[in-house]
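Only one structure is covered here, and it is reproduced in the block below.
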Amino acid sequence: MKLHLFIILLSWCIGSSSVAQDNPFAISEAGLDYLTGQALFEKIWVTAPSSTRASDGLGPLYNARSCAECHFQAGKGKLPAALTLRINSDFLGQQIQSSAIAGLPAEAQVELSYTSIVETLSDSTEVILKKPHYVLNYIQTETGRPERRQTEIEELSPRFAPALFGMGLLEVIPLQELLDKEDPKDHDNDGISGRAGPGRFGWKADVINLEQQTGKALSLDIGISSELFPNPFGDCTQLQDYCLSRPNGASREDQNLEIGPPGFATLLYFIRNIPLPVVNVNNMNTSGKEIFENIGCQHCHQIGYMQGAINPYTDLLLHDMGDALADSFDNELSREWRTPPLWGLSSYQENDEQYYLHDGRATNLLEAILWHGGEAEAAKLAFKSLSRSARQDLINFLQSI
Amino acid sequence: MFKQICTLACILSLVGCSTGRQDSVSHSAILETYIAIAQAAYEDSLISARVLEDAIDAFLAEPNQTTLTYARNAWVAARVPYLQTEAFRFGNPVVDEWEGRVNSWPLDEGLIDYTAAFYGQDSDNNYFYTANIIANELIDIGGISVDAAQITPQLLAETLHLIDGVESNVATGYHAIEFLLWGQDLNGTNPGAGNRPASDYSLSDCSNRNCDRRRDYLKAVTGLLVSDLEEMVYNWQPGGAAYVDLMQKGSEGGLATILTGMGSLAYGELAGERIRLGLLLNDPEEEHDCFSDNTHNSHYYDALGIKNVYMGSYERINGNLVQGPSLARLMELEAPDLAAVMLARIESTELAMDALLVEAAKGNTFDVLIASNNVAGEEVVSRVVDSLMEETRTIEDIIRALNLQNVSISGSESLGDL
């Protein structure tokens, strides 16, 4: 059973190819910079020491070997490969790394299972929602040997790899435009009390810019050190001496980093410039758009930044999303999530499998909406009481943006 | 410059002499030539991989410097036809999906065999022996325990494939064989290739431990390359997967595939990922054939492969010519000015690639040229990038001139504006 699950887990990854994301630049120096950054994005990092000075440094503990493995074609990932589990552990660190370089045991194998919840809409339509559960098998102990028993971790926060297109646009929205939308004490009494996190990136709005986000992901997910996150051992803690004793990929030529500043800057150039999927505005469902606004979705999924130049359908603020979506961290943020952008939803609609929300639990937009709670409870209730055709209009609208 | 003008003039005069307006070139005839070249080039790759396999058998039978040199020469020779097939990779998904098994890069060499822990420095006493397949009958890979008691093609292709998820292939293909024949190139950006001793394969006088298992690995991985190439030869025969795919695209779609393959290899793959990235990172081993210092040939034959499919002409390893109706001929008839520009672009790429070969002959292999303080080297390499970029622009012009639909050169947006 466990092996079976693991094979499924791996089979998600296989078959990823290096299909190029559409380059926003014509054939030019800028175009080549973008492509070079894309090559780094797709680069499969290898174990140190190797001859490939600029490509080694993987791990020692890791979740993925390349950026593209989870941000598939720079879009979203797939479950379960593109899901990481944040934890709060003196021994295992900030995140479970479910892979390790040759010779090292992984921190744990994650077993993902679901229980079903039935939601009934006002017209008696029943929708089955899947609530995820995480169990860790073969978890590392302080002896450096894995324990075979299953372990439930008390503090756990799952994070699903988001799509990266348009990130460069989110970055240039002036901070004041975001702060203007804050209403932490809900003075306008609309039940929505968005507040700015320390940053605008990450599911908890805790990362200030793409440079930080990229460095953090390289460090936590792949185990690659860069200027802002210079520890070559990634998320190995001081207690994991079996991990700290491994060779690393830092080299003098790269300023004792595993990816030096020029490589990092080029990778960032690619990430900042990944274009949004092309949308045909003529296909937009206008009555769906009206419903979107009437039932209150747009309070958080906002557009119109920089005089209407940037329309991501997010306020980039933190909102209480209710108990059903909460993580199990013991802090005031456990129910809070940063509104994700909705632009680019159209690009997933042909996919066999779709994943929405911070842990990818929703397999379609209907499920994603029904998981909303907390500050979004009123909007969700309004959605549930819509007629079948109005619901469909709203979903058609979302599928067209 | 004079030479280029002269060459262009010669080409133009040749075109003038040989072109009669009466004949035309059908799209399907061009596709037939393209397929014939694919068949011949993959067959040549297979033939030369079998020669390599024989040379490796001879080396293992009697491991010494002479037999090792023969095996290394056979590897270099095997790359010649293979690299010319890379023009078939993009646009033909059957090839692109298979490619990782035979030509994957970078190679996870530390997963295969011992490596020097302090690369590029005085490393004789600092070899890192512990966590690799050759040294371990039982090993954790990706956090999972793997039984590697017997090193077989199945272990490399199937078990490791599964274990490492995305790209198994870090342990197989031409570059794995290259690493096993040459060892690491410990010379950094200074001249010199890898220098693995023949005794790494000696049963009586084994150096660097585990010679029996290293022999098994070399044997298994070479056998795997041969069987992978057999599969690709079959794919291009009538009824094979690549052949059928191409036929289903129709003749317009077929032409689009040819041009996609040319442009994607020239721009994104060759100019971008394989050359400019190395220049940017100044990494000696961002070169493509890093252990053998054969990267100049790798780039040269890639560019030749692009020329082959455009000109409809391929010289086989036995000297025979595979030739037929071509895109070049079609362009002469349909848009003679553009045809002349394209010939000039191909010529200028060839000149830039020639310069790489000349530098390599002087000892300035690609890893030396991309060193951070090598200004002259950077100029030589930049010229290759620039000429490939120009060549791709012209390929886009050709796509426009032929009014082909649904073409996307991987890595380029400009055709979106058509």
Side-chain angles (χ1 to χ4, degrees), chain A residues 6-7 9-10 13-20 22-28 31-36 38-40 43-44 46-56 58 64-66 69 81 97-107 109 138 247 251 253-254 260 262-263 266 275 278, chain B residues 93 96-97 104 106-111 115-120 128 130-133 136 139-144 161-167 170 179 184-185 194 264 267-268 271-273 276-277 280-286 290-291 372 385 389 392-393 396 408 410-414 416:
Chain A
F6 188 66
I7 290 168
L9 187 142
L10 286 165
C13 318
I14 298 164
S16 68
S17 63
S18 63
V19 177
D22 287 343
N23 191 333
F25 304 101
I27 294 173
S28 61
L32 271 183
D33 281 344
Y34 179 89
L35 283 176
T36 311
Q38 183 181 348
L40 286 165
K43 177 193 280 292
I44 310 283
V46 300
T47 318
S50 85
S51 303
T52 323
R53 189 199 83 217
S55 296
D56 74 8
L58 175 70
R65 300 182 57 138
S66 69
E69 187 175 335
Q97 280 86 23
S98 49
S99 296
I101 60 170
L104 273 195
E107 286 189 329
Q109 300 303 328
Y138 300 96
S251 58
E253 295 85 345
D254 290 323
T266 307
V278 178
Chain B
D96 197 27
E97 283 158 20
S104 189
L107 185 76
D108 207 340
E109 67 213 62
L111 180 66
T115 49
F118 297 100
Y119 166 69
F128 188 72
T130 53
N132 62 70
I133 294 160
N136 291 278
I139 185 171
D140 282 328
I141 297 173
I144 300 292
H161 184 80
L162 201 60
I163 286 301
D164 237 359
V166 190
E167 305 242 341
V170 291
F179 171 57
Q184 287 178 282
D185 177 354
S264 303
Y267 184 56
E273 188 163 351
R276 193 183 171 96
L277 187 59
L280 173 88
L281 302 176
N282 303 125
D283 180 2
E285 312 308 341
E286 270 310 305
C290 85
F291 308 109
S372 54
V385 173
M389 209 154 72
T392 314
R393 282 204 184 102
E396 289 201 325
S408 72
S410 125
S412 160
E413 168 67 4
S414 35

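Given the structure is predicted, the values throughout are model-derived calculations rather than measurements. Chain identifiers are assigned alphabetically (A, B, ...) following the order of the sequence lines, protein sequences preceding nucleic acid strands; residue numbering begins at 1 within each chain.
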[X] and [Y]: which non-hydrogen atoms are nearest, and at how many Å?
| X | Y | value |
| --- | --- | --- |
| Arg276(B) | Thr36(A) | CD-OG1, 3.7 Å |
| Gly263(A) | Leu281(B) | CA-CD2, 3.6 Å |
| Glu273(B) | Ala39(A) | CG-CB, 3.6 Å |
| Tyr267(B) | Leu35(A) | CE2-CD1, 3.3 Å |

Practice problem: Select, from Val278(A), Asp33(A), Leu58(A), the one with the greatest count of heavy-atom pairs under 4.5 Å involving chain B. | Solution: Asp33(A)

Quiz item: Based on non-hydrogen pairs under 4.5 Å, which of Leu32(A), Thr266(A), Leu40(A) is most in contact with chain B?
Solution: Leu32(A)

Quiz item: Where does Ile101(A) contact chain B at under 4.5 Å (heavy atoms): side chain, backbone, both or neither?
Solution: backbone

Exercise. Name all residues meeting the side chain to side chain donor-acceptor pair (under 3.5 Å) criterion together with Thr47(A); count only those two or more places apart in sequence or in a different chain, and write none if there are none.
Key: Asp108(B)

Exercise. Using the test side chain to side chain contact (heavy atoms under 4.5 Å, CB included), find all partners of Ser99(A) that sit at least two apart in sequence or belong to another chain.
Key: Tyr62(A)

Quiz item: Given the options Ile133(B), Leu280(B), Val385(B), which has more heavy-atom pairs under 4.5 Å with chain A than any of the others?
Solution: Leu280(B)

